[in-house]
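These notes are about the structure you will find just below.
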Number of protein chains: 2
Amino acid sequence: MAQKRGEIQLDQSSVFAIGLLLRRAHTRAVQAFGAKLAPLGIELKHFAVMGVLVADEPLSQRQIGERVDSDKVSVVRILDDLEAKGLALRTSSETDRRVKTIELTPEGRKVYRAAHRASRGVEATLLEDLRPADRDRFMVMLRRFAHPE
Amino acid sequence: MAQKRGEIQLDQSSVFAIGLLLRRAHTRAVQAFGAKLAPLGIELKHFAVMGVLVADEPLSQRQIGERVDSDKVSVVRILDDLEAKGLALRTSSETDRRVKTIELTPEGRKVYRAAHRASRGVEATLLEDLRPADRDRFMVMLRRFAHPE
DNA sequence: TATTGTTATACTCTATAACTATA
DNA sequence: TATAGTTATAGAGTATAACAATA
């Protein structure tokens with residue numbers, strides 16, 4: 001039998017439980033999205049960047065980093081990927097030649113829509129073991145937990 | 001101004017938001033524990049392994065991995081760290097010479113208690129932006145989310 | 001001088017496979 | 001043949017610093 005992770009729940013009262021639980025929760029989410037996005041040749045991180053572009057195009061790389069909570073080096077590499085696949089385009093800004101203006105290509109928009117369709121049910125699937133009334137509450141709390149004032 | 005992460009909240013309705021939120025939540029927890037544990041020379045992963053040993057000593061490395069949700073390679077390295085610091089001890093099992101019997105040293109127990117004291121308030125601090133009535137609920141939901149049946 | 005994006009470097013985490021020694 | 005632990009390797013993720021171009 002192959003050695004896997006995630007078979008056992010730990011002591012509920014352990015002070016460190018919250019750290020392990022959040023790690024496990026995060027990997028669950030990455031895997032769930034990954035499974036849906038893999039056929040499209042992208043990962044969650046690409047999907048997220050494309051998502052902020054769809055919502056708020058065009059953006060500089062710095063702005064993208066702020067929105068997806070990644071440092072600038074990571075953004076460079078995600079955009080390298082997207083550009084190599086023909087999904088996004090970097091052009092130097094006219095007004096400030098240091099900044100790159102990032103836009104999705106038509107193909108990028110197409111792939112984004114497909115990714116959106118493919119992953120539409122992922123959040124619901126991830127939350128399905130919570131009681132229906134708790135699902136929204138969990139997301140609200142998670143949002144507050146992740147971004148406390 | 002140094003370039004940092006985590007300054008902006010993202011579109012609440014994005015399908016991929018749950019992935020980003022869980023990532024951010026996890027790093028928040030690791031950093032919060034890390035800050036308290038660093039003076040003791042350990043990290044959250046060491047604390048977690050020591051915690052399962054305190055609760056259920058002795059354990060094999062395989063059993064430790066199951067309890068802290070880590071693969072066997074990671075367990076080897078965590079125990080290398082703990083043994084090098086004199087906090088844990090590996091001995092070959094009498095009944096099955098393949099398995100190592102892991103126990104904390106007296107010094108290990110001492111450091112664990114100090115770590116426990118130091119990080120006692122971390123979970124509370126992490127949860128303090130939730131409403132008091134929501135804090136237990138969030139942990140219950142997170143537990144179910146991380147370990148669905 | 002400071003900022004945007006880039007490159008290089010390094011350190012951690014994770015996943016895999018190969019190896020040993022036992023069973 | 002299978003398992004517990006070890007080692008080696010490679011791929012991500014993350015952090016830092018240095019750099020080029022520009023402000």
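Sequence lines set the chain letters: A, B, ... in the order given, protein chains first and strands last, and positions in each chain run from 1.
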Taken to the nearest whole Å, CG/Asp81(B) to P/dT6(D) is 13 Å

From CG of Leu59(A) across to C1' of dG5(C) the rounded distance in Å is 15 Å

Would you say Arg135(A)'s side chain and Ala124(A)'s backbone share a donor-acceptor pair under 3.5 angstrom? no

In whole angstrom, what separates Ile78(A)'s CD1 from dT14(D)'s P? 9 Å

From the options dA17(C), dT7(C), dA4(D), select the nucleotide whose nearest atom is closest to the side chain of Val76(A). dT7(C)

Closest to the Ser60(B) side chain, choosing from dG5(D), dT16(C), dA15(D): dG5(D)

For dA15(D) and Lys72(A) - does any side-chain N or O of the residue sit under 4.0 Å from the phosphate oxygens OP1/OP2? no

Closest to the Val99(B) side chain, choosing from dT6(C), dA8(D), dA4(D): dA4(D)

Take the C1' atoms of the five end pairs on each side of the helix from dT1(C)-dA23(D) to dA23(C)-dT1(D), derive the two axes, and give their angle rounded to 10 degrees. 10°

May I ask you to test the Arg90(A)-Gln61(A) pair for a side-chain heavy-atom distance under 4.5 Å? yes

Sub-3.5 Å donor-acceptor pair from the side chain of Ser119(A) to the main-chain atoms of Val122(A), do we have one? no

Taking only side-chain nitrogens and oxygens of Gln61(A), does any of them come within less than 4.0 Å of OP1 or OP2 of dT6(C)? yes

Strictly under 3.5 Å: I want the nitrogen or oxygen pairs between protein and nucleotides 20-23 of chain C, one per line.
from    : atom 1 : to       : atom 2 : distance (Å)
dA23(C) : OP1    : Arg97(B) : N      : 3.1

Nearest non-hydrogen partners of Val75(A) and Gly65(A), listed with the distance: CG2-CA, 3.5 Å

Can you sort out the partners of Lys110(B) under side-chain contact (heavy atoms from CB on, under 4.5 Å), two or more places apart, ordered by chain and number? Glu107(B), Arg113(B)

Using a strict cut-off of less than 4.0 Å between a Lys/Arg side-chain nitrogen and an Asp/Glu carboxylate oxygen, indicate whether Arg143(B) and Asp129(A) qualify as a salt bridge. no

With a non-hydrogen cut-off below 4.0 angstrom, is Ser93(B) in contact with a base, only sugar-phosphate, or nothing? nothing

Is Lys100(A) near enough to dT6(C) that one of its side-chain N or O atoms lies under 4.0 angstrom from OP1 or OP2? yes

With side chains defined as the heavy atoms from C-beta onward, is the minimum distance between Leu87(A) and Ile42(A) less than 4.5 Å? yes

Let me know the distance between CG of Asp69(B) and C1' of dC13(C), rounded to the nearest Å. 13 Å

Using every non-hydrogen atom in the two residues, find where Ala146(B) and Leu21(A) come nearest and quote the distance to one decimal. CB-O, 3.6 Å

Side-chain N or O of Arg23(A) less than 4.0 angstrom from OP1 or OP2 on dC13(C)? no

For the pair Phe47(B) and Phe16(A), name the ring-plane relationship: parallel under 30°, tilted 30 to 60°, perpendicular over 60°. perpendicular

What nucleotide, of dA8(D), dG5(C), dG5(D), holds the atom closest to the side chain of Arg62(B)? dG5(D)

Which part of the nucleic acid does Gln63(B) contact within heavy-atom distance under 4.0 Å: base, sugar-phosphate only, or nothing? nothing

For dC13(C), does OP1 or OP2 lie under 4.0 Å from any side-chain N or O of Arg77(B)? no

